[in-house]
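Written below as structure tokens is the structure these notes are about.
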Amino acid sequence: MLPLSDKELEERLSAAGNSLLHHPSSPDELLPLLDQIEELLQKVEQSPARSMQTALSPLTKALVAEELLKHSDVDVKVGVASCISEITRITAPDAPYDDDKMKNFVVFGYSRTKMSDEELRNMISRTLTCRIDKRENCEEKMTEFLKRCFYHSGQYDSEQHFSD
């Protein structure tokens, strides 16, 4: 694919977001769309211009629709999670969603290193702060977040390890 201008990227992301807002329910239609969206999102720099933020708005909204987050197909859920991960990267250090949406997210670590869920949580907790939300109950919120962090060890080139 030829490199896209910022304007072309904005147009494609906006169109993809609008398509996803009126998403098809079948994995055969959703998966290619989610793949395309993830590829486009990977081209967006962190802290983008306001015009890019506007273009991302329908997509950001569509990705947290109940129908997608609770889709019956695991590949659709993985595709949605990958796209949300890119949205989170783009908007960092700001959270892309409000507290009600963010409390439904789960974090999965995956690498070849042998590690338990608890070891991952301990590693994350050493640098976890309430940079985003400095309101009350910060410790409680961090504890709740860590309960949603899980780890799986496996080889990157093994489909079997990914599906375990």
Reported CZ-to-CG distance for the pair R12 and L4, which is rounded to 0.5 angstrom: 4.5 Å
CG on L20 to CD1 on I37, rounded to 0.5 Å: 4.5 Å
Minimum heavy-atom distance L41-C83, with the two atoms named: CD1-O, 3.6 Å
Partner residues of E11 under the side chain to side chain contact (heavy atoms under 4.5 Å, CB included) criterion, sequence neighbours left out: K7
Side-chain heavy-atom pair L9, M52 within 4.5 angstrom cut-off: yes
Closest contact, heavy atoms only, V44 versus R89: O-NH2, 2.9 Å
Side chain to side chain donor-acceptor pair (under 3.5 Å) partners of E118, counting only residues at least two apart: none
S85 (side chain) donor-acceptor with A81 (main chain) under 3.5 angstrom: no
side-chain contact (heavy atoms from CB on, under 4.5 Å) partner of L34, chosen from V78, D75, L63: L63
Min side-chain heavy-atom separation L69-I84 under 4.5 Å: yes
Step-by-step side-chain contact (heavy atoms from CB on, under 4.5 Å) determination, L40 to L59: CA-CA 11 Å; L40 290 169; L59 184 56; over 6 Å; no
All side chain to side chain donor-acceptor pair (under 3.5 Å) counterparts of K77, not counting sequence neighbours: none
For S116, all residues meeting side chain to side chain donor-acceptor pair (under 3.5 Å), sequence neighbours excluded: E119
For A62 against G17, the heavy-atom pair lying closest together: CB-O, 4.0 Å
Partners passing side chain to side chain donor-acceptor pair (under 3.5 Å) against S72 (at least two apart in sequence or in another chain): none
Residue pair H71 / L30: nearest heavy atoms and the distance that separates them: NE2-CD1, 3.6 Å
Contacts of type side chain to side chain contact (heavy atoms under 4.5 Å, CB included), residue S51, not counting sequence neighbours: E10, A49
